[in-house]
Chemist: 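Dropping the structure in here first, questions after.
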Amino acid sequence: KYRDQMNASIIVAGWDEKKGGQIYSLPLGGLLVPQKFTCSGSGSIYINGFLDSSFRDDMEESAALNLIQRAVALAIRRDGSSGGCVRTAIIDSTGVRRQILNEDEYS
């Protein structure tokens, strides 16, 4: 019934032996865009500038993870629809490692 009223943007990420880690955004128009990093969702409007100024190509995994946790926590504080936890997924040659942080772990 509501199919024509729904829309979504998608983040596609993965790892392969030739190119290593890759991330793409698939915005509402349907264009597949390779990115160094990307964010999506209702809270992303609050953190794009923060990520632009804080992301570095040479970040260690722990620094990148900390940056993402801080960014999502900022979005949660500004956007009531962003939820109450930070979900991350690290994708590398060994597979996918997922983590969920509750509010008391990232505040």
Side-chain angles (χ1 to χ4, degrees):
K1 179 178 176 181
Y2 299 104
R3 183 174 155 172
D4 293 335
Q5 298 173 15
M6 298 177 78
N7 58 49
S9 62
I10 299 170
I11 297 173
V12 180
W15 190 93
D16 70 42
E17 291 181 8
K18 289 185 181 181
K19 293 185 179 181
Q22 300 169 69
I23 189 163
Y24 298 85
S25 64
L26 192 84
L28 292 175
L31 179 69
L32 187 63
V33 183
Q35 302 285 329
K36 291 183 179 188
F37 69 89
T38 191
C39 61
S40 182
S42 61
S44 64
I45 60 172
Y46 300 107
I47 59 172
N48 274 311
F50 172 73
L51 289 170
D52 283 339
S53 66
S54 302
F55 177 81
R56 296 181 327 273
D57 285 332
D58 62 346
M59 294 180 89
E60 296 288 330
E61 181 180 299
S62 61
L65 189 57
N66 182 267
L67 174 63
I68 295 306
Q69 290 168 349
R70 289 176 44 216
V72 175
L74 288 169
I76 289 170
R77 289 187 190 102
R78 295 282 184 180
D79 177 37
S81 298
S82 286
C85 64
V86 177
R87 291 181 180 93
T88 58
I90 298 169
I91 304 170
D92 61 19
S93 63
T94 64
V96 180
R97 291 176 280 136
R98 292 179 173 86
Q99 181 181 29
I100 298 175
L101 298 177
N102 294 312
E103 186 175 6
D104 60 335
E105 297 174 291
Y106 64 79
S107 303

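Side chains included, hydrogens not; waters and symmetry mates left out as well; all remaining heavy atoms used. In this text the structure is predicted, and so the values were computed from the model without any measurement.
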Chemist: Just how far is it from atom CG of Leu65 to atom CD1 of Ile90, taken to the nearest 0.5 Å?
Modeler: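 Output value for this atom pair is 4.5 Å.
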Chemist: About how many Å separate CD1 of Ile76 and OG of Ser81, when rounded to the nearest 0.5 Å?
Modeler: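 Ser81 OG to Ile76 CD1: 11.5 Å, rounded to 0.5 Å.
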Chemist: Taking the basic N atoms (NZ, or NE/NH1/NH2) and the acidic carboxylate oxygens, is any pair closer than 4.0 Å for Lys18 and Asp16?
Modeler: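 Salt bridge: no.
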Chemist: Please report the interatomic distance OG(Ser9) to CG(Leu28), rounded to the nearest 0.5 Å.
Modeler: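 These two atoms lie 6.0 Å from each other.
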Chemist: Kindly work out whether a path of hydrophobic side-chain contacts (I/L/V/M/F/W/Y, heavy atoms less than 4.5 Å apart) joins Leu32 to Ile10.
Modeler: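 In one cluster with Leu32: Ile10, yes.
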Chemist: Whether the side chain of Asn102 engages the backbone of Asp104 through a donor-acceptor N/O pair (distance < 3.5 Å, no angle test) should be reported.
Modeler: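 Absent.
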Chemist: Side-chain heavy atoms nearer than 4.5 Å, only ILVMFWY residues, links allowed to pass through others: does that put Ile68 and Met59 together?
Modeler: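 Hydrophobic grouping puts Ile68 with Met59.
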Chemist: So which pairs with a foot in residues 15-36 pass ring pair (Phe, Tyr, Trp, His ring centres under 6.0 Å), sequence neighbours left out?
Modeler: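 For residues 15-36, and leaving out neighbouring residues, there are no ring pair (Phe, Tyr, Trp, His ring centres under 6.0 Å) pairs at all.
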Chemist: For the OG1 atom of Thr88 and the CD1 atom of Ile100, what is their distance to the nearest 0.5 Å?
Modeler: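 Output value for this atom pair is 8.5 Å.
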Chemist: Run the salt-bridge test on Glu103 and Arg77 with the 4.0 Å N-O cut-off and return the result as yes or no.
Modeler: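 Salt bridge between Glu103 and Arg77, a charged N being under 4.0 Å from a carboxylate O: no.
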Chemist: Identify, with sequence neighbours excluded, every residue that meets salt bridge (Lys or Arg N to Asp or Glu O under 4.0 Å) alongside Glu60.
Modeler: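 Partners of Glu60 under the salt bridge (Lys or Arg N to Asp or Glu O under 4.0 Å) test: none.
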Chemist: Quick test of your reading: applying salt bridge (charged side-chain N to carboxylate O under 4.0 Å, His left out), list the pairs with at least one residue in residues 35-54, sequence neighbours left out, ordered by first then second residue.
Modeler: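 As it turns out, the salt bridge (charged side-chain N to carboxylate O under 4.0 Å, His left out) pairs with a partner in residues 35-54, which skip direct neighbours, are Lys36-Asp57.
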Chemist: Among all residues two or more places apart in sequence or in another chain, which pass the side chain to side chain contact (heavy atoms under 4.5 Å, CB included) test with Leu101?
Modeler: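 Residues passing side chain to side chain contact (heavy atoms under 4.5 Å, CB included) with Leu101: Gln69, Val86, Gln99, Glu105, Tyr106.
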Chemist: Using residues 44-51 as the side-chain source, report each donor-acceptor pair under 3.5 Å to any protein atom, sequence neighbours left out, with the distance given to one decimal.
Modeler:
unit_1	atom_1	unit_2	atom_2	d
Ser44	OG	Gly41	O	2.7
Asn48	ND2	Ser44	O	3.1

Chemist: Return the SG to CD1 distance between Cys39 and Ile11, rounded to the nearest 0.5 Å.
Modeler: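 Between atom SG of Cys39 and atom CD1 of Ile11 there are 7.0 Å.
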Chemist: Show the nearest heavy-atom pair for residues Gly43 and Asp79, with the distance to one decimal.
Modeler: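 Heavy-atom minimum between the residues: N-OD2, 3.1 Å.
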Chemist: Can you list every pair that meets ring pair (Phe, Tyr, Trp, His ring centres under 6.0 Å) and has a residue in residues 52-76, with sequence neighbours left out?
Modeler: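 Qualifying pairs, neighbours excluded: Phe37-Phe55.
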